[in-house]
*Asks:* 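Mind looking over this structure? Questions follow.
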Protein chains: 2
Amino acid sequence: MTTERLRDLIETMPTELPPLTVELVRDLDIAEHLAIADVAALTGLSPHTLRYYERIGLVDVARDAGGRRVYDRDAVGRVVFITRLRDSDMPIASIARYVELVKQGPETEPERLALLEAHRADVLVRLRDLQAALAVVDYKITTYGGACGS
Amino acid sequence: MTTERLRDLIETMPTELPPLTVELVRDLDIAEHLAIADVAALTGLSPHTLRYYERIGLVDVARDAGGRRVYDRDAVGRVVFITRLRDSDMPIASIARYVELVKQGPETEPERLALLEAHRADVLVRLRDLQAALAVVDYKITTYGGACGS
DNA sequence: ACTTGCCTTCGACCGCACTCGAAGTCCTAC
DNA sequence: GTAGGACTTCGAGTGCGGTCGAAGGCAAGT
């Protein structure tokens, strides 16, 4: 069974090495349709979280005859992309906005691009801030023994 | 009045330029004792947040005859250091632990150092993750027009 | 004397992003 | 046919980090 094979594949994967891009998923997804547990294993999200993402409209997921979720390639790619955005601290509200724009069709591409670029700017600021704060921590570590303000 | 002078100084400061270190505070603090509004202006925190930090034990702040908070150089330095730790996403619980160690005396220095170094490691991981996520966003921006998983 | 305005304490509330539990369904294996 | 386990929906709960509002106090300016 392809699903079992996928789970094995994930478990025996050199932990954390590939950053799991949307492109990677296209090659990796042997099976056309994945169950929620597979997607969970693949993304590191919990099934609870995956259901939550669907509930709030971030992904549409089909159902099989028994009413169970079936993630196709497209849905998996979407989930992976969402997790990347979340990893970069994009708020869920913004992601939802982006997804809605995608639904509205190709004429919203400029706005989508603007959204991503605004987010990119936020991330760069965050990176700079983190590095600045890190410098302070480093300073504190290296000068340990001084009593100032600690 | 030194307090007014300080507020003026802050308002007319070239916005955001100096990263406001504990060391800087030692030079900047003309007045020996600052009111909560001054510390708020200095740190960018709200008075509410400053009271909150005191409430949960992150800083001890003296009171004047009228019962109002009086931040001395030490307290200000502490608040500034705490904001740096928060800027680097150190959880409040860890900061509280650190502060408690400081209270317990100099024999806890090794543990404090360990705490800071563990945090430093976390920050480095976070930096790497952020950069990885940023790369995905960048890729998405540059290849805009492709339909994959978006 | 009185208004203005920042200050005090206290507890309640908020937004975010999950996270969980209950109650029930459905497939698989034995 | 029946036990097990993963699945479903729904609503409620959690943890973090603030954020706010009410009710009252004190001090300076007019």
Side-chain angles (χ1 to χ4, degrees), chain A residues 1 3-4 6-7 31 33-71 75 79 82-99 119 122 126 129 133, chain B residues 1-4 6-7 31 33-71 75 79 82-99 119 122 126 133:
Chain A
M1 276 125 196
T3 286
E4 266 180 31
L6 176 61
R7 294 194 197 189
H33 304 296
L34 296 183
I36 194 167
D38 301 315
V39 180
L42 191 63
T43 59
L45 301 173
S46 72
H48 275 307
T49 301
L50 286 168
R51 287 184 206 109
Y52 166 68
Y53 282 176
E54 183 184 355
R55 206 158 67 196
I56 63 176
L58 298 191
V59 246
D60 290 338
V61 183
R63 295 291 187 281
D64 67 9
R68 291 167 181 210
R69 283 171 181 78
V70 172
Y71 288 79
V79 169
I82 289 167
T83 63
R84 289 306 136 206
L85 294 180
R86 288 292 306 127
D87 284 351
S88 57
D89 293 329
M90 187 187 269
I92 285 206
S94 304
I95 300 177
R97 172 86 186 126
Y98 182 87
V99 167
H119 175 59
D122 287 350
R126 180 79 198 114
D129 288 355
Chain B
M1 277 127 196
T2 48
T3 286
E4 267 181 28
L6 176 61
R7 296 194 195 189
H33 304 297
L34 295 183
I36 194 168
D38 301 315
V39 181
L42 191 62
T43 59
L45 301 174
S46 72
H48 274 306
T49 301
L50 285 169
R51 288 184 205 110
Y52 166 68
Y53 282 176
E54 183 184 356
R55 205 158 65 196
I56 63 176
L58 298 191
V59 247
D60 290 337
V61 184
R63 296 290 187 282
D64 68 8
R68 293 169 179 206
R69 283 173 182 77
V70 172
Y71 288 79
V79 169
I82 289 167
T83 63
R84 288 308 136 206
L85 294 180
R86 289 292 306 126
D87 285 351
S88 58
D89 293 330
M90 187 186 269
I92 286 202
S94 304
I95 300 177
R97 172 86 186 125
Y98 183 85
V99 166
H119 175 58
D122 287 350
R126 180 79 197 114

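Lettering follows sequence order; numbering is per chain, from 1. Values in this document were obtained by computation on a predicted structure and should not be read as measured data. Values below: all heavy atoms of this structure, side chains included; hydrogens, waters and symmetry mates excluded.
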*Asks:* Which whole-number value in Å describes the distance from A:Ile82 CD1 to C:dC18 C1'?
*Replies:* 15 Å

*Asks:* Which letters describe nucleotides 14-21 of chain D, given B = protein heavy atom under 4.0 Å from base, S = only from sugar-phosphate, - = neither?
*Replies:* ---BBBBB

*Asks:* Quickly work out the B:Arg69 CZ to D:dC26 C1' distance and round it to whole Å.
*Replies:* 15 Å

*Asks:* Less than 4.5 Å apart, side chain to side chain, heavy atoms only: is that true for B:Arg86 and B:Ile95?
*Replies:* yes

*Asks:* Using a 3.5 Å limit on both pairing distances, list the dot-bracket string of DNA chain C from the 5' end; Watson-Crick and G-U wobble pairs count, crossing pairs take [ ], interstrand pairs take |.
*Replies:* ||||||||||||||||||||||||||||||

*Asks:* Keeping B:Thr43 on the side-chain end and B:Val39 on the backbone end, is there a donor-acceptor pair under 3.5 Å?
*Replies:* yes

*Asks:* Donor-acceptor check, side chain of B:Arg51 to backbone of B:Arg55, threshold 3.5 angstrom: yes or no?
*Replies:* no

*Asks:* Can you measure B:Asp64 atom CG to D:dC26 atom P for me and round it to whole angstrom units?
*Replies:* 11 Å

*Asks:* Tell me whether A:Arg69 is salt-bridged to A:Asp60, with the criterion being a basic N under 4.0 Å from an acidic carboxylate O.
*Replies:* no

*Asks:* Atom CG of A:Leu50 and atom P of C:dC20: how far apart are they, to the nearest Å?
*Replies:* 14 Å

*Asks:* Is it the case that C:dC27 (base atoms only) and A:Arg68 (side chain only) share a donor and an acceptor within less than 3.5 Å, ignoring hydrogens and angles?
*Replies:* no

*Asks:* Counting only side-chain N and O atoms of A:Arg63, is one of them less than 4.0 Å from OP1 or OP2 of C:dT25?
*Replies:* no

*Asks:* Under a 3.5 Å threshold, yes or no: a donor from one side chain and an acceptor from the other, between B:His119 and B:Ser94?
*Replies:* no

*Asks:* How close or far is atom P of C:dA17 from atom CG of A:Leu85, stated in whole angstroms?
*Replies:* 12 Å

*Asks:* Can you confirm whether B:Ile92 sits close enough to B:Tyr52 that some side-chain heavy atom of one is under 4.5 Å from a side-chain heavy atom of the other?
*Replies:* yes

*Asks:* Just verifying a value: how many Å separate A:Ile36 CD1 and A:Tyr71 OH, rounded to the nearest 0.5 Å?
*Replies:* 4.0 Å

*Asks:* Does A:Asp89 come within less than 4.0 Å of B:Arg126, counting only side-chain N to carboxylate O?
*Replies:* yes

